[in-house]
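Chain letters run A, B, ... following the sequence lines, proteins first and then strands; every chain starts at 1.
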Amino acid sequence: MIEIQRIKENKEEVLLGLSKRNIDAKQEVEQIIALDHDWRLKKTQLQDVETELNAISKQIGVLFSTGKQEEAKVLKSKTGALKEALQAFKIEEEALEKKIQDVLFTLPNVCTQEVPAGKDETANEIIEEFGTSPSLEEAPLPHWELAKEYTLIDFELGVKVTGAGFPFYRGQGARFQRALVSFFLDEAVDAGYEEFISPLMVNENSGKGTGQLPDKEGQMYYIGADDLYLIPTAEVPLTNIYRDVILPDPNFSIKLTGHTPCFRREAGSYGKDVRGLNRLHQFEKVEIVRIETPENSEKALHEMIDHIKSLLQKLGLQYRVLRLCGGDTGFAAAITYDFEVYSAAQEKWLEVSSVSRFDTFQSNRLKLRFKDENKKSRLCHTLNGSALALPRIMAALLENNQVPTGINIPEPLRKYTGFDMITKK
RNA sequence: GGAGAGGUGGCAGAGUGGUUGAACGCGCACGCUUGGAAAGCGUGUUUACGGAAACGUAACGGGGGUUCGAAUCCCCCUCUCUCCGCCA
């Protein structure tokens with residue numbers, strides 16, 4: 001959540017950043033400032049009473065130990081009223097604090113200066129395009145047709161065993177996916193990210209830490225019997241490694257990566273956009289996560305962007321980079337860049353990566369801090385990005401690399417697949 | 001799942017109702033000492049909030065209770081360890 005200090009000190013900047021999301025938060029911001037003022041006042045009053053009560057208790061202790069029972073009794077009788085006052089102040093103070101939290105929780109992150117204002121994806125800015133569409137034979141097949149023809153993915157089996165959106169990958173399809181995962185992980189490790197295999201379920205505190213809870217509760221699968229959530233992305237377990245951590249000095253740059261399945265309920269999705277691999281309840285993704293000082297986070301963001309570009313270029317995919325407008329930027333992000341690859345058979349752009357800077361929005365919830373040069377605790381910046389999400393990359397590669405005799409495997413993947421081309425068996 | 005033991009500062013580990021935010025030790029930082037180092041000596045060394053500061057308040061796994069006063073007593077939850085059971 002937004003730091004309350006920032007709201008107080010840079011009210012206009014906060015309002016401007018939120019306005020890019022089409023949100024007028026003037027009322028909430030004023031309310032928070034007023035509540036915070038009241039809370040401070042109440043807190044001081046509360047502490048005054050506590051000070052007095054502590055002093056009396058101390059005196060009683062001394063009196064007892066010196067055998068002055070009578071004097072102690074007199075003092076004791078004075079504490080009743082104070083305790084009542086203490087209770088009252090405490091209740092008021094806690095109520096105020098909760099109210100502030102409640103309002104704060106409703107506010108999304110403040111968008112940065114470069115984020116374009118706008119309501120939906122039509123306002124996103126295309127900032128870069130790379131590559132050209134492959135020249136395919138007439139009537140290229142969409143990936144779900146190719147998947148059937150070469151027995152790569154079985155959607156019907158998934159429906160039988162689990163339900164829609166849970167496909168089986170099989171044979172060369174399974175191998176192809178595994179090759180992509182290995183390639184992405186190796187590239188990340190080469191770029192200095194530490195590889196993790198993480199839990200696939202997380203507790204409530206972790207969900208809150210990265211901002212999925214409470215605002216996206218309905219999007220996660222929930223295991224009621226054990227009070228756990230299936231992860232919607234590796235971002236959640238990876239970032240939460242650093243929940244409640246204070247890094248001891250300002251010279252750090254934490255780079256994590258992990259490959260996990262991602263589980264998303266995708267409530268309300270339907271239609272042709274969900275055809276084939278375009279939208280699934282379970283899919284695989286390699287995620288990269290970074291924890292940086294505020295001074296370094298913008299640089300880190302661009303390193304991540306460059307990393308993703310290089311992956312797409314090595315795979316020979318045509319892509320474009322979008323800077324999302326405020327309305328399309330996720331709740332916790334300050335700025336987000338999306339990567340889309342061109343799917344030649346479907347003739348459309350598919351989102352394959354989303355890279356975001358969260359500034360202190362997550363770390364404020366996570367209580368993830370570092371000691372600066374003056375040994376002061378400051379909140380870290382967190383960032384993450386997909387590098388990459390598997391299904392749509394697979395869809396694009398299948399479609400774009402189809403030839404009459406099969407489907408060509410991009411060169412960098414061949415050492416992982418063990419074959420150069422997907423063929424009919 | 002059953003039985004027992006336990007969760008205290010960076011670590012190790014005292015502390016069973018009173019000036020204990022917490023002994024002693026290790027580690028760490030700074031200083032003294034030294035040609036330099038070690039040893040030695042001294043000082044310091046949790047976090048959050050309020051405050052310009054002095055200082056104050058809170059926190060001994062989490063939550064609640066008893067009490068003038070709780071790390072210490074009571075209740076609930078949770079986690080760890082040991083033994084048993086089960087098991088890829």
Side-chain angles (χ1 to χ4, degrees), chain A residues 1-9 32-104 197-209 213 222-229 237 240-252 254 261 360 362-380:
Chain A
M1 60 193 131
I2 307 173
E3 292 168 80
I4 196 155
Q5 209 179 334
R6 183 172 177 195
I7 292 178
K8 288 198 297 185
E9 289 171 8
I32 286 169
I33 293 173
L35 284 170
D36 181 68
H37 177 262
D38 294 349
W39 173 76
R40 269 156 220 274
L41 220 63
K42 197 55 71 181
K43 183 95 176 169
T44 306
Q45 292 177 318
L46 172 67
Q47 289 185 355
D48 286 347
V49 178
E50 284 173 331
T51 306
E52 202 175 339
L53 215 42
N54 283 347
I56 291 176
S57 296
K58 219 166 244 185
Q59 283 179 43
I60 292 174
V62 172
L63 290 174
F64 265 119
S65 62
T66 51
K68 297 174 180 163
Q69 314 284 341
E70 285 309 311
E71 291 178 48
K73 262 186 197 150
V74 174
L75 271 183
K76 245 189 193 180
S77 64
K78 284 171 63 182
T79 59
L82 280 173
K83 279 184 82 172
E84 272 175 42
L86 182 78
Q87 270 310 316
F89 281 138
K90 209 178 228 166
I91 288 167
E92 290 177 58
E93 186 262 347
E94 280 168 7
L96 281 169
E97 191 174 21
K98 175 150 194 324
K99 230 181 204 166
I100 294 169
Q101 293 291 315
D102 286 348
V103 180
L104 228 37
I197 295 176
S198 79
L200 304 181
M201 297 185 204
V202 294
N203 57 31
E204 186 183 349
N205 277 339
S206 294
K208 280 187 181 158
L213 294 175
Y222 175 62
I223 314 288
D226 296 291
D227 200 17
L228 294 170
Y229 296 85
N240 271 284
I241 292 171
Y242 285 89
R243 173 153 48 83
D244 291 321
V245 166
I246 301 177
L247 299 162
D249 71 76
N251 303 310
F252 65 88
I254 293 168
T360 59
Q362 288 185 326
S363 60
N364 194 22
R365 291 192 183 189
L366 290 161
K367 295 204 188 347
L368 163 52
R369 290 159 291 179
F370 70 99
K371 294 279 194 188
D372 69 10
E373 289 79 0
N374 306 314
K375 295 290 165 204
K376 277 271 183 200
S377 292
R378 292 172 61 196
L379 292 170
C380 298

Query - Watson-Crick or G-U stems of RNA chain B, 3 or more pairs, under 3.5 Å, by first number - result: B:1-7 with B:78-84, B:27-32 with B:40-45, B:46-50 with B:55-59, B:61-65 with B:73-77

Query raised in the report: When the C1' atoms of B:rU34 and B:rA23 are considered, how many whole Å apart are they?
Result: 33 Å

Query raised in the report: Of the candidate nucleotides B:rG18, B:rG50, B:rU19, which contains the atom at the shortest distance from the side chain of A:S57?
Result: B:rG18

Requested in this report: Determine the Euclidean distance between corresponding P atoms of B:rG17 and B:rA70; express it in Å to zero decimal places.
Outcome: 14 Å

Query - Interatomic distance at C1', B:rG61 relative to B:rA52, whole Å - result: 37 Å

Report summary line: Here the distance between atom C1' of B:rA48 and atom CD of A:Q5, to the nearest Å, is 13 Å

Report summary line: Looking only at B:rG50, B:rC68, B:rA48, the nucleotide nearest the A:T44 side chain is B:rG50

Query raised in the report: Please give, in whole Å, the distance from B:rA48 P to A:K376 NZ?
Result: 9 Å

Query raised in the report: Below 4.5 Å, heavy atoms only, C-beta onward: do A:N203 and A:L228 meet side chain to side chain?
Result: yes

Query raised in the report: When the C1' atoms of B:rC26 and B:rA14 are considered, how many whole Å apart are they?
Result: 15 Å

**Report entry** Nucleotide of B:rU19, B:rG50, B:rC68 approaching A:R40 most closely (side-chain heavy atoms)
**Finding:** B:rG50

Query raised in the report: Closer than 4.0 Å, any side-chain N/O of A:R369 to the OP1 or OP2 of B:rA48?
Result: yes

N/O contacts under 3.5 Å, protein versus nucleotides 55-57 of chain B?
| residue | atom | partner | partner atom | Å |
| --- | --- | --- | --- | --- |
| B:rG56 | O2' | A:T51 | OG1 | 3.1 |
| B:rG56 | N2 | A:Q47 | OE1 | 3.0 |
| B:rG56 | N2 | A:Q47 | NE2 | 3.0 |
| B:rU57 | OP1 | A:N54 | ND2 | 3.3 |
| B:rU57 | O3' | A:E50 | OE1 | 3.4 |
| B:rU57 | O2' | A:E50 | OE1 | 2.6 |

Requested in this report: Can you tell me, in whole Å, how much space there is between the C1' of B:rG1 and that of B:rG9?
Outcome: 36 Å

Query - Between C1' of B:rA58 and NZ of A:K42, the distance in whole Å - result: 18 Å

Query raised in the report: Does A:K90 pair with A:E94 as a salt bridge, N-O distance under 4.0 Å?
Result: no

Query raised in the report: Considering only side-chain heavy atoms of A:S377, which listed nucleotide, B:rU19, B:rU67, B:rU47, is closest?
Result: B:rU47

Requested in this report: Using the C1' atoms only, state how far B:rG21 lies from B:rU57, rounded to an integer number of Å.
Outcome: 12 Å

Query - Spacing of the P atoms in B:rC75 and B:rA5 (rounded, Å) - result: 13 Å

Query raised in the report: Say you pick atom P in B:rC74 and the same atom in B:rG7; how far apart are they, in whole Å?
Result: 14 Å

Query raised in the report: Counting any heavy atom closer than 4.0 Å, what does A:L75 reach on the DNA or RNA strands: base, sugar-phosphate only, or nothing?
Result: nothing

